[in-house]
Amino acid sequence: MFTRLSIPTPFQIGPVNAYLAGRTLVDPGPGSEEAWTALLDGLERHDLAPTDIEQVLITHPHPDHFGSAKRLRESGARIVASTEAAAIVRDFGDRLAYEQEYFADFFDRCGMAETTAKTVTDLPEAYLSVAPGVETDLELDDGESVTVEGVELTAEAVQGHSSGETIFTFEHDGRSKAIVGDHVLADITPNPLLQPPRKKAAVVHASSRRSIARSRRSGTATSITSCRATARR
């Protein structure tokens with residue numbers, strides 16, 4: 001159902017995957033000129049232009065995944081993300097400032113040298129140039145759905161890689177599949193980043209319980225190998 005488009009990033013992690021189905025694009029990549037050119041090339045191979053994209057789904061609010069969304073919205077696409085992700089992609093600089101303020105104090109209380117703490121908290125500023133703010137047109141809560149090419153995708157809130165992280169699960173050709181963003185990675189841990197506390201703790205705890213329950217039902221811990229065949233990064 002989905003076709004993978006490899007999008008380059010200016011970061012060590014290397015390229016990220018965008019996914020195309022009809023006129024829906026998932027995770028369009030960072031807001032760099034190199035990434036935009038690669039995205040245009042990928043769309044052209046499917047006889048599409050940015051103005052043909054009707055909706056953009058964002059799995060999580062990291063710049064390498066949402067940065068090109070602003071250009072696509074300006075070309076007419078609607079942006080779809082979780083409510084928490086929507087608040088971050090609207091103003092990534094504000095989110096970064098919150099994280100820097102929190103961790104500067106946290107590292108100080110932990111006894112980290114001020115120069116080291118500053119180095120660590122300043123590192124994410126490299127993302128700002130590829131993370132232009134974008135408004136979200138449709139905010140999805142846990143369990144709500146969006147239709148792609150006649151197929152219903154369910155937004156499921158998950159925890160671990162990013163604030164506001166969502167996977168999109170669906171049935172296709174008699175199989176259960178999912179677009180997982182960076183929630184499942186083949187070669188490295190999907191949990192490389194520190195996250196500050198979230199303000200809506202009650203909502204987060206509820207989604208955490210649902211995520212844990214789903215993992216137990218699906219036997220995630222024992223089926224990671226098979227997940228790689230069906231889950232999309």
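As the structure is a computational prediction, the values presented were derived from the model and not from experiment.
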D41: partners by side chain to side chain donor-acceptor pair (under 3.5 Å), with sequence neighbours left out: none
Using side chain to side chain contact (heavy atoms under 4.5 Å, CB included) as the criterion, list what pairs up with Y102, not counting sequence neighbours. F106, P196, P197
Closest non-hydrogen contact found for D27 with I58 is OD1-CA, 3.5 Å
May I ask you to decide if the ring planes of H60 and H161 are parallel, tilted or perpendicular, using 30° and 60° as cut-offs? perpendicular
Can R78 and T136 be counted as having a side-chain donor-acceptor contact under 3.5 angstrom? no
Output, in order, the C-alpha distance, side-chain angles, deciding distance and verdict of side-chain hydrogen bond (donor to acceptor under 3.5 Å, both in side chains) for H65 and D182. CA-CA 9 Å; H65 285 255; D182 285 346; 3.0 Å; yes
Distance col, row H62:NE2 vs F92:CZ, nearest 0.5 angstrom, shows 7.0 Å
Might you work through the side-chain hydrogen bond (donor to acceptor under 3.5 Å, both in side chains) test for E171 and S176, ending with a clear yes or no? CA-CA 5 Å; E171 299 291 325; S176 296; 2.6 Å; yes
Could you tell me how the ring of Y19 sits relative to the ring of F2: parallel (under 30°), tilted (30 to 60°) or perpendicular (over 60°)? perpendicular
Under 3.5 Å, which donor-acceptor pairs link side chains of residues 110-119 to any protein atom two or more places apart or in another chain?
| from | atom 1 | to | atom 2 | distance (Å) |
| --- | --- | --- | --- | --- |
| K118 | NZ | D122 | OD2 | 2.9 |
| T119 | OG1 | T115 | O | 3.0 |

Before giving the answer on side-chain hydrogen bond (donor to acceptor under 3.5 Å, both in side chains), spell out for D141 and T83 the whole-Å C-alpha distance, their side-chain angles and the decisive distance to 0.1 Å. CA-CA 6 Å; D141 290 326; T83 298; 3.1 Å; yes
Using every non-hydrogen atom in the two residues, find where K70 and G133 come nearest and quote the distance to one decimal. CD-O, 3.4 Å
